[in-house]
Structures are given as structure tokens and as C-alpha cells.
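Read the structure below first, then the notes.
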Amino acid sequence: MDAQYNPKVVEANAQQHWQQNQVFKAVVDSNKEKFYCLSMFPYPSGRLHMGHVRNYTIGDVISRFQRSQGKNVLQPMGWDAFGLPAENAAIKHGVAPAKWTLENIAYMKNQLKQLGFAYDWDREVTTCQPEYYRWEQWFFTQLVNKGMAYKKKSAVNWCPHDQTVLANEQVHDGGCWRCGTTVVRKEIDQWFIRITQYADQLLDGLDQLPGWPESVRAMQRNWIGRSEGLRIRFPLPQAIAGLEHLEIYTTRPDTLMGVTYMAIAADHPIAQHAATLRPELADFISECKAGGTSETELANQEKKGMATGLFAKHPISGQEVPIWIANFVLMEYGTGAVMSVPAHDQRDWEFAQAYGLPIQQVITGQQGEVIDLSQQAFTDKGVLINSGELDGLDFQQAMDKLAEVLGAKDLGSKQVNYRLRDWGVSRQRYWGAPIPMMTLADGQQVPAEDFPVELPTEVVMDGINSPIKNNPEFEQTQWQGQAATRESDTFDTFMESSWYYARYCSPHYQEGMVDPTEANYWLPVDQYIGGIEHATMHLLYFRFFHKLMRDQGLVQSDEPAKRLLTQGMVLAETYYRSQNGTKEYYTPEQVDLTKDDKGRVIKALLKADGQPVEIGGMEKMSKSKNNGVDPQALIDLYGADTARLYTMFAAPPEQSLEWREDGVQGAHKFLQRLWRAVTAFAEQSKAPALAKTELNEAQKATRRKVHETLQKVTQDYAERFAFNTVVAANMELFNHLSRHELNGPQDLAVVAEGYQVLLQLLAPICPHICHELWSLLQQGDILDQPWPVLDSEALVRDSITLVVQVNGKVRARLQVSATATEEEVKALAFADEQVQKFAPQDKVKKAILVPGKLLNLVVAG
RNA sequence: GCCCGGGUGGUGAAAUUGGUAGACACAAGAGACUUAAAAUCUCUCGAUCGUAAGGUCGUGCCGGUUCGAGUCCGGCCCCGGGCACCA
């Protein structure tokens, strides 16, 4: 065996062994407990990035650990292959999206194989292939037939110059990324799925997911945003645009008597009507429509409004309330109108201040304290005042009373409302799964009956319009003998990623979306791993789709994944120069760093011109910041085990990971030391059987370290996902073993046991080197070994270190017998010089003993 | 703006249930080996005062609870993620 660690050879050997023996092929076996470990599949952007390496290493470590615990593990991989970047690449490089995507997949698949991930490649799924999306199309038509999918008007980002729809990321500072033209919101017909009908199930289901991080559950709870309030109708003096009332929803009905104006969306029918009467309103309405559809943009824009000159009647007082058009009210949320109470809502308060509208206090504190409304609104719930017969009521009493009073007049009722909106699945793009619908001559919408509705792949992109739009070859078709026009919008790519986990169970099944035998065995997913950025959207659609599939009789469980691990981002240092307000970023290779005497980076110079560049700090690795580290270079230089070890050691999985080249070298050095030590040890004469009862102190100490490590590491893998401390504990164990002097046969026996345990503990993280080194010490494949058994007798200690504190400060450390009583411990403590100095026995008022840990003596100040 | 995280030495981090702050590494410094370098091995390594023993301070900031707070509570600052057409 080579004395030098050569990862290229070691890794190729191990990977060949796994492939030849088909060791990661997952087969249904009702006698074994299954474990389905799923990592979020990648978008095939070209090459793997460090975020992928991190995500998939975590998944692989969990999979390999679970396998070592005797589980029947399924770990699949596939490609989220539809999406916008393929269209951009097509335009930029003149290559069709399908070709570009498939080439990327081939390259990235090879990279994943080099990293040694234990995937069952026979279950690979590629979402842009018709055999995948045909089932998604079929499923959508089932939803249409059930009334779960419908078409309605909804706003998109529209570039008036290019006459095209833009994604949010294609809108830069309110303008089109290509031509800079101010983007406007335009209403177009689009398909929606009724996720709001499942809002309560999605909310209640969160309580059944103790294996999901509380932060993700909190974000989903807030995203769904269940609220209880009143739907209130403000009568209009005369009907406007066919409406007799202006209808609003409020969660603060207790403030109803403080309403001083109404605010409606620019798209509201009343606003449209008002604009026909007053041209300046029409101008204001088009101004309101400028800008993108994103909530960030809407929340940050300056609040603007204009009075319509129209009034609504207050449902209780009958007073006239002016109706304003406001740019922060959106037609798509609720009823497109709100009642405004500037005294008790901060946004309304600011709006009232800006436009000189009256502020009427109707809520006061519980003790009737004086409220100052001159600086800000008072938004706490309290007691009603200035509200006629409602005076003195609290929030709940006021809501109940108003529901009763308004209900009697048919002007209001209690209502549960959700922030969650129905899922818009239409995209006006080419590279997606065609929406399987047709429009007949009379405008009727009918679902396709034959699947797949195939997306043509031999296309030329013009950079603006989808090649399947206004394309008679694609659009003209027949439905039951009638001429029909195909829908030329495609699905949101969140559709594909909402059910891929189920398709992995039977990726080649021809008879339906999922094979019930496989699905019922493998589902639900036992462990899901992916980025925290997916906390609300993907993970909510994923849970929703599972419930839709359950209600279609395709799967049996209520939730798709039992446990979820959200891994942090991979960050790296950025270097840039600012020119005319834009930043030009440089790669780490392009700069030289100057450090101070403590090793802190204080200056960065561009190699090209020797002039300084700005140090931008740690940011998420990305192309635009030029700070991405290509995992390929890392694999080529150090091997897969080093890449895997470093990503696991550098930070706990849920935190962001700061990339540092010298840390990678450190991980590599550890593997080199391990290699040298084990190969040298394997050349020693063969170790005899371990004689547990005949060990000397050093041998006992080493065995204790081995079994302490076994205990800690097993727990860290299984319960805490603390892979960084797994690595640290294994390093500690290695340091101990490599320093254990080999003086006799029992030293060999103890150290042999130690190295075998170490290799098994480390194998999920560094599988190649452990595979190879195991073969030097023992027969058989390390993958097939039963997990080491903890010897609790090896853990026993005769004496322990006990800390003595005085008023919480450490003053002494005592070696005491593990069985010492409280009296014995105190006697020892008071015999200590330091303890006597700070805590003379007669001054001690209280003593707190934490057995096995510390004694705290409390003395008077 | 709203929701969710995070902040500990020169650096990445550890401290699992409120009980010894800094495990394990990286960087740096010193030494051994070497003709030399690389590699390897050994030692030092939070700040500060002290010859030393040891003292004092120290987990973003301010305050609180407790015998005891990195950990719990209240307020604030900074950084990151998400906000429905990037995936």
C-alpha cells in the first residue's frame, strides 16, 4: 500500500467497487425499515457550486449513517430542468434551451459521481422530459375537473416597449432589464390552483411536523396568515359601476367609529368609474400602475393617494366618508378596498398626516391613560371611546356586538381571512411544461385528453417572445372534432418540484403518476434537506401538492416529509471597485492580500495594477459577485473526501459557511495524517484479542476515549445533525490513538479497536478513504459492518474534576472520587487554599452542589 | 415596510437541559529535524496587570431574572434569508 495518500486512486477504486456491486440500488423490502433521504434537486445551471456540494454532502452523510444503522435507504437525485436561465443562455449563446439543459445535466452528473454520493441513479428524474411532465399535465386536468384550478385575471410585470411579460428579476429599479422602459402592472388571464381551499389544512398540519425547524413552521404560519375579522359593507349613496356598497375586510372592527376615509386600489371598479368623471384621476391611476408587482417594491414605495370626490356612508353613523385611491391598496388582496383609521393604524396615520385628513381617536388604554396621537398612531388593543353605545367595550366585545348589529342590517359579518393567495401557475414563457388546456371557438376552456402535450424542442429564441406563442403549428389543434386553440402559457416551475419526490419512487412507471406499491413503501420522505430560502414557497407548494395527491388517492400520508433540515448558504470574501455607482467584482485569484501581525487582512491590491480594491465582506457565492469557488478545482486538487470533510467541519449545517482556502488544506492534512497512521499501524504484527479486564491505566484511558467518542458521535449523527462536532470528536480520537505508545500486545488490541471504530464513525463523511483503510485492518466492505457496540463499562471513571466557585467565580478545581458524598466534597473544598481565601467557612451562607460538575459557595458581599 | 435567522479570540467554530467560555481546527510566533527548502514533529497563542502565584475584564449594545446567564426575559444596533414570475 502507498505510504502517500493518493485520493485520485483511492476514490476511483471505491467508486468502482460501489458501482460494480450496485450497493446503492434501492429495492422495496418489507422486512427492513425504510429510510427515504431526499436532497432538493438542482437546477442544471452548468456546473455544481459549493451550495450544491454542501447540500448533497449533508444528504449523503445522513443516508450513509442511516444505512449503517441497518435501514433500507433510498437516496435519489434528479434535475429541476425547466426554468428561465435556459432561455437566457439560449439567447446569449444561440443554443436551444433543451440542448443546453441536457449538456449541463451530463456535466453535473459526472461531478456528482466524482463526489461519491450514494445515489440510486436508476431513479434519476429529469423534469423537462415528456415522460415526467405528462403526469403533471394529467394531474392538472384532474384539478380542473374538480374545480380546483380556474382561470382569472391577474397582474404581471409588463414592458410596454418590448410588449412582453417580465419576471421580477428582469425588472431593475422599476424598468425593463433590456430597454429600461418603465415597467407597468398589466392584468392578463392566468390559471390558478385553489391553495386557499387547503389553507386550514396547511396551517394545522404544521403542528404535526415536530421534525421541521420551528423557524420554517413560523414562516409558513405567517405566510398563510389566518386572521379573524369582519367583512363590512359601506353603503354607497347611489350605485357606482353596478355596486351598491363598498366592501372591506378588517381585523380591527373595534376601530370602526374612527374611520375618516376609505382607500381603494387603482384597479377597483369605483376608481375606474371615478376616472371617467375626472381626467386627473385617470393620470393618477396610470401612475399607480407603474412599477413591478413585487411586495418589496410596493411596501417601500412612497405612499400616494388622490380623493375621488365620491363618498360612502358609514354603516353605523351614516356619515359620509370620502373615498380615496391609494397606491398601496392592491385589487388582488382581499376586496381591493380598506377602511382607514389613522388614529389606530400607523400607515393610515402617515397617509392622513400627508394629506391633512382628520384623525379620530376611538381606542384608549386599559386604564384610560391619555394617548398622544401627534407623533404616531396608537395601535394597541384597548377600550372603546367616542363610539356611542360601543363605549367601554374591549376588542372582542366590540367585534361580537358589531357582527350582531351589522349582521341584522346585512352590512357585515364575521369572516376568517388568509393572507395566502391562490397559486398562479401560468407563465408566458417557452421553457416550461405546456399547460394542457384548449380554448374552443366559443371561448370555452377544455382540458387536453392526450398526454403529453409536448413542448417542441427544436426552436429558435428571438429574445423576447416565446416560440410557441402565435405559432400555429403548436397552437392549432382539435378537440372532439372541433377546431381548438392550445394554451401557449407554460407551468410555473414550482409545479415540477412539488411532486418529484413522489416520482422518484417509480420514475419509469407507465401506468400512472406513481406506482402505489413503491409509493406506499417509500413515502413519506424521512429526511428532506435543502436551502432555507425555500422555507415558504417551495415547501408550502410541496406540502400542498402532497395533500392534492392524497385526495386523488395517489399517496396515503398527510405530509410529504417527516423531517426537514435547512442548510445555510456558502459565503466567500468579495473584492470590488466602484465606478460610476456600479461595482466591478474581482475573484480572489486576482488580488493580493496584506495581513497585519495578527493575521488579519488589512489591505487588498489588484495584481494587474497594484492598486487597492475594496474588501466587501463575506457574501453568498454568486456569479455576479465573482466570489464563487468551483468545486471541480477542489476535487482535482484534494479529492472528494477533503471537499466533503471541509464542508462538514467548517460550520454546523444550518449556519452559513464561510469559505476559506487554508481550512481546506487543514482538512486535507488530517486525511494525510490518518492515512499515514493507519497504513503504518496495519504493518505492525497482528493485534491479539482484547482482554478487557487486564488493561493498564493508559490502555483503559484510550478505550474510554474510543467509547466516549462512539457515544457522542452516534448521538450527533442521529439526533443533532452536528456533523462539525462529529469531525472534531474524530480528530480528538485520532490524536489520542496516534499518541498511544505500542508497548505490548494489548496496546495493539486497544488501538486496533480504536482505529476500526474511528473509520466507521468517519465513513459517512469520508467514505472513500475509510473504505480503503478498512480493508487494511479487516475483511469485508465497511458499508456492511454492523455499527460498533457501546461498551458502557469502558466509560466508567474513578475520579472526576469538580469545580469550586465562590459567588459564581471559579476559584479551584478538585480531583474527587466519582462516588464522593456532598460532605466529602465540601471538606475537600474548604481544605483548599484558594477557597479559604475567598470563602472562609464561617462566611458561607449557602452551598449549591451540582453532582459531578461543581460546587458554588455563596458568601455575603 | 413585513416575516424568519444570526452576532463568541487574529479566523472558522465548541459549550447538547441555566453550571469550568474558547473543545477541534486554521492563521501567526518560537523550536527540532535538514547543507537548504518543502514536508513532518514539539511548544505558545482572548485582553490586561503581575517576576510568579494569581488578580481583573471578556460571548454585538443597554437593562433585568438567578447562588450562577453565551444560554432565559425586555429594549436597541448591525448583518443575512424570504416577500408570491430566480430556483
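Naming: A, B, ... by sequence-line order, numbering from 1 per chain. Just so you know, these numbers use all the heavy atoms, side chains as well, and skip hydrogens, waters and symmetry mates.
- Within the 4.0 angstrom heavy-atom criterion, no nucleotide atom of any strand lies near A/Glu719.
- For A/Asn222 and B/C4, the shortest distance from a side-chain N or O to OP1 or OP2 is below 4.0 Å.
- Rounded to an integer number of Å, the gap from A/Trp431 CH2 to B/C86 C1' is 17 Å.
- Counting any heavy atom pair closer than 4.0 Å across all strands shown, A/Asn730 reaches no nucleic acid atom.
- Contacts of A/Val216 with the nucleic acid, taken as non-hydrogen atoms under 4.0 Å apart, are absent.
- Judged purely by atom type and a 3.5 angstrom limit, A/Arg644 uses its side chain to pair as donor or acceptor with the backbone of A/Ile765.
- Side-chain nitrogen and oxygen atoms of A/Arg739 include at least one within less than 4.0 Å of the OP1 or OP2 phosphate oxygen of B/U42.
- Across the interface with RNA chain B, nearest-nucleotide mapping of A/Tyr646 and A/Pro42 shows A/Tyr646 to be the residue nearer the 5′ end.
- Note: A/His534 and A/His538 have perpendicular aromatic rings, judged against thresholds of 30 and 60 degrees for the angle between ring planes.
- The CD1-P distance, from A/Ile532 to B/C79, rounds to 20 Å in whole Å.
- Considering only the side chain of A/Gln805, B/U20 comes nearest among B/U20, B/C83, B/A23.
- Side-chain proximity of A/Lys837 to B/G54, B/U20, B/C4: nearest is B/G54.
- Of all nucleotides listed (B/G54, B/C3, B/A13), B/C3 comes nearest to the side chain of A/Met219.
- Summarising the base pairing, B/C83 is matched to B/G1 through a Watson-Crick or G-U wobble pair whose two defining distances lie under 3.5 Å.
- Each of A/Asn856 and A/Arg427 has a nearest nucleotide on RNA chain B; the 5'-most of these lies closest to A/Asn856.
- For the pair A/Thr536 and B/G82, the criterion of a side-chain N or O lying under 4.0 Å from OP1 or OP2 is not met.
- Taking every side-chain heavy atom of A/Asn168 into account, B/C86 is the closest of B/U40, B/U20, B/C86.
- In this structure B/G9 sits in the syn conformation; its chi angle is within 90° of 0.
- A/Arg221 has no side-chain polar atom (N or O) that falls below the 4.0 Å cut-off from OP1 or OP2 of B/C4.
- A/Leu854 comes within 4.0 angstrom of a base, heavy atoms only.
- Of the listed nucleotides (B/C67, B/U16, B/C57), B/C57 has the atom at the smallest distance from the side chain of A/Lys809.
- Base engagement by A/Val850 is indicated by at least one non-hydrogen atom pair under 4.0 Å involving a base atom.
- Across all strands, A/Phe649 comes closer than 4.0 Å to base atoms (heavy-atom distances).
- Following rounding to the nearest Å, A/Leu657 (CG) and B/C79 (P) show an atom-to-atom distance of 22 Å.
- Checking B/A84, B/A14, B/A25 against every side-chain atom of A/Ser294, the shortest atom distance belongs to B/A84.
- A straight line from CD1 of A/Ile800 to C1' of B/U20 spans 12 Å, rounded to a whole angstrom.
- Counting non-hydrogen atoms under 4.0 angstrom, A/Met569 reaches the backbone sugars and phosphates but no base.
- In this structure, the NZ atom of A/Lys669 is 10 Å from the C1' atom of B/A27, given to the nearest Å.
- For the pair A/Arg673 and A/Phe734, the cation-pi criterion (under 6.0 Å, within 45° of the ring axis) is not fulfilled.
- Comparing B/A14, B/A87, B/G55 by their nearest atom to the side chain of A/Gln834 picks out B/G55.
- Spacing between atom CG of A/Asp80 and atom C1' of B/C86 amounts to 11 Å, rounded to whole angstrom units.
- Comparing B/U40, B/A87, B/G5 by their closest approach to the side chain of A/His534 singles out B/A87.
- Within the 4.0 Å cut-off from OP1 or OP2 of B/C24, not a single side-chain nitrogen or oxygen of A/Asn735 is found.
- Residue A/Arg811 has its side chain nearest to B/G55 when only B/C26, B/G55, B/C86 are considered.
- Among the protein residues, A/Gln220 comes within range of no part of the nucleic acid, since none of its heavy atoms lies under 4.0 Å from any strand.
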